[in-house]
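Inspection log for the structure reproduced underneath, given as structure tokens.
For the numbers below, each heavy atom of this structure counts, side chains included, while hydrogens, waters and symmetry mates do not. Each ligand, and each atom within it, is numbered from 1 in the order the structure gives.
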Amino acid sequence: MAGTDMRISVIGTGYLGAVHAACLADIGHDVLGVDVDAAKIEALAAGQAPFYEPGLSDVLSRAVGSGRLRLSIDPAQAAEFADVHFICVGTPQQPGSQAADLTYVHAAIDGLARHLRRPTLVVGKSTVPVGTAAALARRLAELAPAGEGVELAWNPEFLREGYAVADTLTPDRLVVGARSDAADEALREVYAPMLAAGVPYIRTDLATAELVKVAANAFLATKISFINAVADVCDAAGADVVRLAEAMGHDARIGRRFLGAGVGFGGGCLPKDIRAFLARARELGVADSLAFLAEVDTINTGRRRRVVELARELVGGSLHGRNVAVLGAAFKPDSDDVRDSPALAVAAAVQARGANVRVHDPAAIDNARAVFPELDYTTDVAKACERADVVLHLTEWREYRDLEPESLAKVVAHARIVDGRNVLSLERWEAANWTVAALGRGRRQG
Ligand code: UGA
């Protein structure tokens, strides 16, 4: 892709920042990635992605190899080098609260601001409570030697883990909250190749740009909890939620995507974003308007309990002393991210009820072990299922869909499986004499 060769810094090289920095370099900009974590910077400088993301290593090594992406731990170097600075640090849930923790955003802004001596554009990409950008703009003007010459814009990110590179290079849309035409023009220049390819570009005010992001994630979470609530009705009525979702999805106003019923959503974004959105609405005095998001959250966490319950029923009433194989630890396939992973939460809950649990995942074992060291892990599916009284399919990695039910039946103690993602072929598994339980498929069991 032809680039416009701007000098850009990306502050925070976690998931979002590493992908953003590599992709901006890939489209031709000169990029400096900055992080406080020296080990991460070292890995990136060697062209290695510090997490699992299909396609990222290629873009990264190309970017580093061409000299267009350089890495540093020094924000002063970023201030010296770049004319546009992207803030890409994390905003996790605050411990003991539903609200977002803005510590890293404030540290990034403060660390950069005091070195900004010439007119510059700072662009926030982190997911923040509405109103944060306006406050940060005031703080930048106060702290930066260049004062009012430093402008803040907001440009939320919509990338999905597992598709992060494609989502960054060919996004559905670009949203830019810009107060001045100069800021708007600078961001149009940053994204020139995307705009040339016809990607929609929506300019808004700062608050709208911040809200687009959380509203989009809240909508996706609501869609998933909606179908999961309907799944319960399907179970009670003997209907099939998978066929129902397929039929509903043909309506273009509804769409099939994010109508996947099962163990529910997890990850570092959807769960914490709906909570932070509600917490912010409460501060703004409009909590009632978003009260339904608490229900969305409750439905979602209830799915995990429902899977544990199904497993308990399948093994005859008590999980104590039973061998349970858990297929999947990541919060979704094509990722090694285990933050708020439904699969791991179920594995831990089953173990807490006295079961012997063995967890398989193709990519997330190391991260899973760091969070739940007491669980038993393996990278061999057959080994995970050895002598199992029940198998729980909880993250829909492609390889699980391709499993041979006949051969797996030979290694387990009892051929029983819970399909917590509703993607296995019930017919195939039942034909191989498995007892299959699923969520929302009319309690169908062999
Ligand atoms: C989500 C959004 O999809 C991105 O647009 C956004 O940029 C990102 O959060 C973010 O805020 O950074 P991500 O967390 O990568 O992306 O994951 P999703 O693909 O949205 O999946 C979230 C969870 O929902 C996963 O646990 C997934 O298994 C679950 N899910 C998804 C379902 O249970 N059913 C579905 O039909 C779809």
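Close N/O approach between Pro342 and ligand 1 is not found [any backbone or side-chain N/O within under 3.5 Å]. Distances between N or O atoms of Phe331 and those of ligand 1 include at least one value under 3.5 Å.
With Lys125 contributing its side chain and Asn155 its backbone, the two residues share a donor-acceptor pair below 3.5 Å. In terms of modelled atom types and a separation under 3.5 Å, the side chain of Arg256 and the main chain of Leu259 share a donor-acceptor contact. The closest donor-acceptor contact from the side chain of Arg179 to the backbone of Ala153 lies at 3.5 Å or more, if one exists at all.
In the vicinity of Leu259, heavy-atom distances shorter than 4.0 Å reach the ligand 1 atoms 36 (O). The Leu220 neighbourhood of ligand 1 comprises atoms 3 (O), with distances under 4.0 Å to a heavy atom of that residue. The ligand atoms of ligand 1 that sit less than 4.0 angstrom from a heavy atom of Leu270 are 1 (C), 9 (O), 22 (C). Every atom of ligand 1 with a heavy atom of Glu157 under 4.0 Å away is listed here by number and element: 7 (O). Close approach of ligand 1 to Glu161 is summarised as follows: ligand atoms under 4.0 Å from at least one heavy atom of the residue are 15 (O).
Between the side chains of Ser225 and Asn228, no donor N or O sits under 3.5 Å from an acceptor N or O. Checking Tyr52 against Asp366 by side-chain atom types alone, no donor-acceptor pair falls below 3.5 Å. Judged purely by distance below 3.5 Å, without hydrogens or angles, the side chains of Ser341 and Lys332 never pair a donor atom with an acceptor atom.
Contacts between Arg421 and ligand 1, counted as non-hydrogen atom pairs separated by less than 4.0 Å, involve the side chain only.
Here the shortest heavy-atom distance to atom 18 (P) of ligand 1, taken over Lys332, Arg160, Glu396, belongs to Lys332. Nearest-heavy-atom check against atom 9 (O) of ligand 1 across Cys269, Gly260, Gly90, Ala221 picks out Cys269. When Tyr163, Phe158, Phe265, Phe258 are ranked by how near their heavy atoms come to atom 29 (C) of ligand 1, first place goes to Phe265.
In the displayed structure, Ile202 atom CD1 is contacted under 6.0 Å by more than 12 heavy atoms of other residues, nucleotides or ligands. In the displayed structure, Glu42 atom CD is contacted under 6.0 Å by at most 12 heavy atoms of other residues, nucleotides or ligands.
For atom 2 (C) of ligand 1, the nearest protein heavy atom (residue, atom name, distance) is Asn217 OD1, 3.5 Å. Looking at atom 30 (N) of ligand 1, its nearest protein heavy atom turns out to be Ile224 CD1, 3.5 Å. Considering only non-hydrogen protein atoms, atom 8 (C) of ligand 1 sits nearest to Leu159 O, 3.4 Å.
Residue contact check for ligand 1: Lys213 places a non-hydrogen atom closer than 4.0 Å to it. Heavy atoms of Gly262 stay at 4.0 angstrom or farther from ligand 1.
The ring of His360 has its center closer than 6.0 angstrom to the ring center of Tyr400.
Ionic pairing of Asp340 and Arg304 is present here: one or more N-O contacts between side-chain nitrogen and carboxylate oxygen are shorter than 4.0 angstrom.
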